[in-house]
Amino acid sequence: MSGPKPLPIAVSESTDFSAGVAIGFSASRDASENTAGEDTTKKNEMNTNTMRDENKVIKNTTCYMCACRCGIRVTLRDGEIRYIEGNPNHPLNKGVICAKGASGIMKQYSPARLTKPLLRKSGSDRGDAQFEEISWNRALKLITDRLLHIRRTDPKKFALFTGRDQMQALTGLFARQFGTPNYAAHGGFCSVNMAAGMIYTIGGSFWEFGGPDLDRAKLFIMIGTAEDHHSNPLKIAISRFKRSGGKFISINPVRTGYSAIADEWVPIKPGTDGALMMALIHVLIRDGLFDRDFLVQYTNAAELVNQDQGTSREDEFGMFVREDIPVDEGCFDPPNKLWWDRTMNKPVSARMDGVDPRLQGDYKLPDGTLVKPAFQLLKERVAECTPKWASEITGIAPQTITRLAHEMGVTARDQKIEFPIAWTDIWGKEHETITGNPVAFHAMRGMAAHSNGFHAIRALTILMSILGTIDRPGGFRHKAPFPRPIPPCAKTPNGPEGIRPETPLGDMPLGWPEEPDDLFVDDEGEAIRIDKAFSWEYPLSVHGMMHNVITNATRGDPYHLDTLMIFMANMAWNSTMNTSEIREMLNEKHEHGDKQGEYKIPFLIVCDAFQSETVAFADLVLPDTTYLERHDVMSMLDRPISEFDGPVDSVRIPVVEPLGECRPFQEVLIELASRLELPKFVDKTGNRKFKDYPDFVVNYETEPGSGIGFLAGWRGKNGDQFMKGEPNPDQWKKYEENNCVFQYELPKSYAYMRNWNKGYLEWAQRHRLVRYAEPINIHIYSEVLQRFRLAAQGKTNGRQPPNHLRNRIETYFDPLPFYYQPLETRLTDRKKYPLNAVTQRPMAMYHSWDSQNAWLRQIHAHNYLYMSPLVGRDNGFEDGDWVWVESMWGRVRCMCRFSETVEPGTVWTWNAIGKASGAWNLAPNSNEARKGFLLNHLISEELPRQDDQSGRGYGDKAFSNSDPVTGQAAWYDVQVRVYKSESDEFDGSYPQFDSMPAVPGVGKPKTWLKYFAGGEK
Ligand code: SF4
């Protein structure tokens, strides 16, 4: 492959390039080539990573104060960080920095930093935080000896679960090479419903993998999104959008953050978004405001679905009828389905030239089979979902729902965008222009974190699709490596034989099931993973189910673990549901038998940079570095920072030396993989292949000679290739010289309609982003879900669910979206607990990371429970009073604040500001501990047990409090009541725990967190 052509970067919409642009190859340009007239001399100077001014040094790297990954410039004097600013040459944030990003200095010099490997003192209990310092050699030997034994005997007894890390390509590779399926990151308790609901429908999803094209949209609807998702880039985009006259509507129970600057706030009851989406679809179909051409050409809406009940073809009920024609091997969506032609009034091959298919009606095939177009089934599904019906569920007036649908439909229909960009579709048809319907949406955890979230998000994605907004200007646009086939190709092993001693897993630990035979279950249909992901209970749990690991491992259901390694996840506090009991479980010992007195989870390794609540429970603590002390990659193999117009990846390069004995977790994994002689990390003689993590990043290839590695930029021996090419020993240097980022701009003709864009799909196949250059048609109707339903109905020859789960699978694996009340809500006495309780993250803090940050805790040192004044009036308390918040699972005590910006049936708080006393090295009586509180104590990781066949539970087991399709943790389903705390009750928040002492290597807690540049820390 040749290097990229030196072309100008600033382009107009009408420019149609024949080749893309790799941005950052500045060395190959000169001023005469720069038709945009930029001062390249100055730009190249600014791109230089390091600028020296006597003892002042400026270094570029990538922020990690949240997961948005903005480019930053760190100014140091005498090796000490003085300030952090946004990098103006970075494509993501263009110089913008938020409060968190600028406060990274206080994370670096936080007094809560762990500095040494620690081993729990013999005789102490977990939770006591009694540790002795040990050397890294001893720590690594301890782990290696343990893992060697596990790998030789039963690899699944080792589990690796990680929090909001950005290195899943490496952690996943480590787990797969080790041979354990028990691996996942935090997606299962974050927003897997968003990922799965969208990817199983359009082959892409919000945030890293796609988003709203606000530069071109006219109407923007945001649903259930907190400020932390795509933070700076979204703020920049919304500001431009509003300045250019776009209308911004926020649908959210709470009006904070982005919603505060919306032109219209539509309050909605939590967990009812699906009903709203169904009603919006109802109105759009009823009033003819859908994009018929888009539906016909690019979705399965016109394809005929078998509706034959009670005949010989009933086993295919609900599946698309197919022609008996040869199909290419490996084709993931063979073109053998049928349309009903309106002119000839008969079935024809789908996508036949010149055919205008019916979207509505019911028909009979020549062999007598009854069929309907998928769109007809959707129309029937939403027939009863009127605005009035949805109003009673959502609390939104019917007139508002109708008006919202009309605004969406009319804007999409009447304000079309057209660019003179010629492109060719995958069926070979040439188009003169790219057109768009400028209605854009964005949604995140507020929609996702409910047990009905998968279907709500399917409904949202179908709404976006019938408006014709997928990968078109002004609508939703993909970001590389998406779109991918529906579902993506990666699969897990599908039986116990997939796990063998001293052998890597044959398939991925996480994958995308397409049918029951892809589930990871044994012959009895029982789960094989510790979290029960990919089992009949949660079949499409594509991000795993980290929220159930500790509970399941403690119970030995389905088995006991030996070693649990947790990285960057605060599982003894805010990263877990049912926090108090989970803390007890971590300390639980066998009471009988040959293991009497031993912990039920025998060995717990915690790797973190800070003294979190979870550190207190570790047997072994590994001190991680901060993001300013390590190499990192935001890789195309994982979660890159791609833009709509092309792939972008980026790196972190250390700006300071690690503190104390801190080591990057990546280095620890490379070291362990080498010591364990995991095949991809050693050569044939067992010698390590990679000196360290930077060496691994440069030289690792997915397969020998594949040319695909962790970084896409400056590949090939001379660094003149991109996406694919031999390892380049100077790759890190090139990133360092180019703002730590590699950006490739696709030809304009490849940048839209990527599900069906021949040029793009072939380009993506050549660069190994997708396996096939085939159309990725939108699944208005999901055959994947119908396959599971048919299995539950006993109509298939392959795997079928155990009897006690048939009803559950049949109910929730509906090929069309539907609204149902969240599972926990159904099991709650709503008269007693009438309020929904939700949390969200504040703009100034991310997860639990920032309560040790001297600057940021000045913004939030404790949290309140916010509610409508009506709640206080009805329950007899005043603004600022101490109140009890009680769910069916327990109660917490906190201070309340009245607010008009919350719908009256909801109470809410900031997540993770409340801390356990002494954790994060805060003074034991800090506001975070004494006034702050954690709502997680009120939320269960399991549903109440129901010993019946209703699908709620079975025997002595309970279902996870999760979406029954994806296993997404249903954080936001909890129902509560609120009442006044009497004045004679104790002062402060509840519950409180024994204070956590400072661990060795961490200084004594201070009342004031302070930092003087150049002074003593
Ligand atoms: S939005 Fe996130 S990544 Fe960007 S500067 Fe702020 S904290 Fe850093």
Side-chain angles (χ1 to χ4, degrees), residues 58-75 81 83-108 110 163-167 186 190-191 206-208 211 214 222 225-240 256-258 261 442 444-445 479 568 609-610 625-630 632-635 638-643 648-655 739-741 743 840-860 910-913:
I58 299 174
K59 293 184 176 180
N60 292 331
T61 189
T62 303
C63 185
Y64 197 10
M65 291 295 287
C66 84
C68 291
R69 304 162 296 177
C70 299
I72 52 170
R73 291 191 159 160
V74 183
T75 298
I81 300 171
Y83 58 92
I84 299 174
E85 52 192 338
N87 182 345
N89 291 336
H90 197 277
L92 209 68
N93 57 317
K94 302 175 179 71
V96 174
I97 193 156
C98 74
K100 298 186 293 279
S103 304
I105 186 169
M106 293 300 163
K107 174 174 252 181
Q108 180 62 30
S110 160
R164 204 356 173 157
D165 67 290
Q166 299 183 336
M167 58 183 85
H186 85 309
C190 181
S191 279
F206 284 127
W207 202 19
E208 283 118 320
L214 293 185
M222 179 182 265
T225 308
E227 292 80 34
D228 57 315
H229 277 110
H230 213 48
S231 183
N232 276 348
L234 196 52
K235 285 176 211 154
I236 297 167
I238 292 177
S239 128
R240 274 204 305 259
T256 59
Y258 299 126
I261 57 159
H442 190 52
M444 277 312 294
R445 195 177 305 106
K479 298 176 185 174
M568 252 178 87
F610 299 98
T625 54
T626 68
Y627 66 106
L628 297 170
E629 297 170 338
R630 66 170 177 245
D632 246 340
V633 292
M634 276 53 73
S635 165
D638 192 342
R639 293 172 169 232
I641 59 165
S642 295
E643 298 274 284
V648 190
D649 65 13
S650 64
V651 301
R652 293 193 181 93
I653 296 179
V655 300
N739 295 297
C740 295
V741 63
Q743 183 175 15
Q840 59 176 328
R841 289 203 292 268
M843 225 171 238
M845 291 187 177
Y846 194 67
H847 290 281
S848 58
W849 298 359
D850 297 307
S851 286
Q852 37 69 35
N853 189 302
W855 287 352
L856 296 176
R857 67 188 292 252
Q858 293 180 55
I859 302 172
H860 302 282
W910 300 121
N911 185 34
I913 293 189

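Numbering of ligands and ligand atoms starts at 1, following listing order. Everything numeric here is computed off the predicted structure, so don't read it as measured data.
Protein N/O/S atoms found under 2.8 Å from atom 2 (Fe) of ligand 1, listed by chain and residue number: C66 SG.
With R73 as reference, N89 is the one residue of T61, I84, N89 to meet the side chain to side chain contact (heavy atoms under 4.5 Å, CB included) rule.
Under 3.5 Å, the side chains of K235 and S231 contain a donor-acceptor pair of N or O atoms.
Across all non-hydrogen atoms, the minimal contact from M634 to R652 is SD-NH1, 3.8 Å. Summarising the geometry of N853 relative to M65, their closest heavy-atom pair is ND2-CE, 3.7 Å, with the distance given to 0.1 Å.
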| request: Please report the C-alpha distance between Q852 and M106 in whole Å, then the side-chain angles of each, then the deciding distance to 0.1 Å, and finally whether the side chain to side chain contact (heavy atoms under 4.5 Å, CB included) criterion is met. | output: CA-CA 8 Å; Q852 37 69 35; M106 293 300 163; over 6 Å; no
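Residues that satisfy the salt bridge (Lys or Arg N to Asp or Glu O under 4.0 Å) test with E208, not counting sequence neighbours, are R69, R164, R639.
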